[in-house]
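Below: the structure, in structure tokens.
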Amino acid sequence: MNIMLTNVLDAATDSLFYYLFGFAYSSPFNGFIVAFAIAAIGITSGSIAERTQFVAYLIYSSFLTGFVYPVVSHWFWATDDWASAFRTNKFLFDSGVIDFAGFDVVHIVGGVVGLWGAIERPRIGRFDHTGRSVALRGHSATLVVLGTFMLWFGWYGFSSGSFNKISSFYASGYYYD
């Protein structure tokens, strides 16, 4: 229930923060990028479930989607910023950062923030007063399999169209694709 509530509120509140603040940092992009910002905070919400107070979660998720994520997405996805693969004078073997399917921006931003939050303390109810691990209730295997298929379906559809080039040349003449 905690995760479902945070996901719904992320879509509602964090998209507002992205449009109010983050859109200015991440321009020249259009509004669909807000879905990627919410995906980054979704990674975080799963890793810190039941570790923070709800109000604290809303504050830092709004900060992440309104300020941190837009700056990082501009670094990698804008045509003129320091890490862009589209810049003429590039670093990293003359290719810039090739961000396939949002790995760098979405997953690393969400993962780093999630790791930072997960280090905070153990989940409530995970350990008893003596420090021993408490067995967690079983989960629905049917829903796990259904969710996995839904993720695979979405990932294959998204990832195949997320790279804007099939193949290109490095300055050395070799291909990357």
Side-chain angles (χ1 to χ4, degrees), residues 1-23 25-26 29 31-77 83 97-160 162-163:
M1 293 300 291
N2 185 358
I3 297 295
M4 291 190 309
L5 182 61
T6 58
N7 288 338
V8 168
L9 288 176
D10 282 339
T13 60
D14 295 341
S15 59
L16 179 66
F17 272 85
Y18 184 84
Y19 278 116
L20 290 176
F21 304 107
F23 194 67
Y25 295 118
S26 64
F29 301 114
F32 84 94
I33 300 294
V34 70
F36 295 131
I38 293 171
I41 195 63
I43 294 167
T44 305
S45 74
S47 62
I48 63 159
E50 302 171 2
R51 295 176 196 257
T52 60
Q53 291 182 350
F54 192 68
V55 173
Y57 173 78
L58 288 178
I59 290 170
Y60 86 78
S61 69
S62 298
F63 179 75
L64 180 72
T65 55
F67 297 102
V68 175
Y69 179 83
V71 170
V72 176
S73 68
H74 190 270
W75 287 346
F76 291 92
W77 293 343
V97 175
I98 301 169
D99 182 22
F100 183 73
F103 171 77
D104 295 322
V105 180
V106 175
H107 294 93
I108 290 180
V109 169
V112 167
V113 175
L115 177 64
W116 177 43
I119 292 172
E120 180 181 346
R121 64 186 173 110
R123 289 195 165 115
I124 298 170
R126 180 69 179 106
F127 299 97
D128 65 10
H129 66 283
T130 63
R132 279 199 240 140
S133 177
V134 174
L136 297 175
R137 293 182 303 165
H139 304 293
S140 170
T142 305
L143 291 179
V144 169
V145 171
L146 177 63
T148 301
F149 281 126
M150 291 170 71
L151 284 170
W152 278 348
F153 181 76
W155 183 80
Y156 287 134
F158 172 77
S159 295
S160 62
S162 66
F163 206 56

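The structure places OG of Ser62 at 10.0 Å from CG of Leu20, a figure rounded to the nearest 0.5 Å. Note that CG of Leu64 and CD1 of Ile59 are 14.0 Å apart. Values are rounded to the nearest 0.5 Å. Between the OG1 atom in Thr65 and the OH atom in Tyr18 there is a gap of 9.5 Å [rounded to 0.5 Å].
No side-chain donor-acceptor contact under 3.5 Å links Ser61 to the backbone of Ile41. A distance-only check finds a donor-acceptor pair linking the side chain of Asp128 to the backbone of Arg132 [under 3.5 Å].
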- Step by step, would you call Val106 with Tyr69 a side-chain contact (heavy atoms from CB on, under 4.5 Å)? CA-CA 8 Å; Val106 175; Tyr69 179 83; 3.7 Å; yes

- Verdict with supporting geometry, Phe127 and Ser133, side-chain contact (heavy atoms from CB on, under 4.5 Å): CA-CA 5 Å; Phe127 299 97; Ser133 177; 4.2 Å; yes

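Closest of all the heavy-atom pairs between Gly110 and Thr44 is O-OG1, 3.1 Å.
You'll find the ring centres of Tyr60 and Tyr57 inside the 6.0 Å limit.
Residues Leu115 and Ser47 fail the side-chain proximity criterion, which asks for heavy atoms closer than 4.5 Å. In this structure, the side chains of Val71 and Trp75 come closer than 4.5 Å at one or more pairs of heavy atoms. Residues Trp116 and Ile48 are not in side-chain contact: their nearest non-hydrogen atoms beyond the backbone lie 4.5 Å or more apart.
The aromatic rings of Phe63 and Phe67 are tilted relative to each other, their planes meeting at an angle between 30° and 60°.
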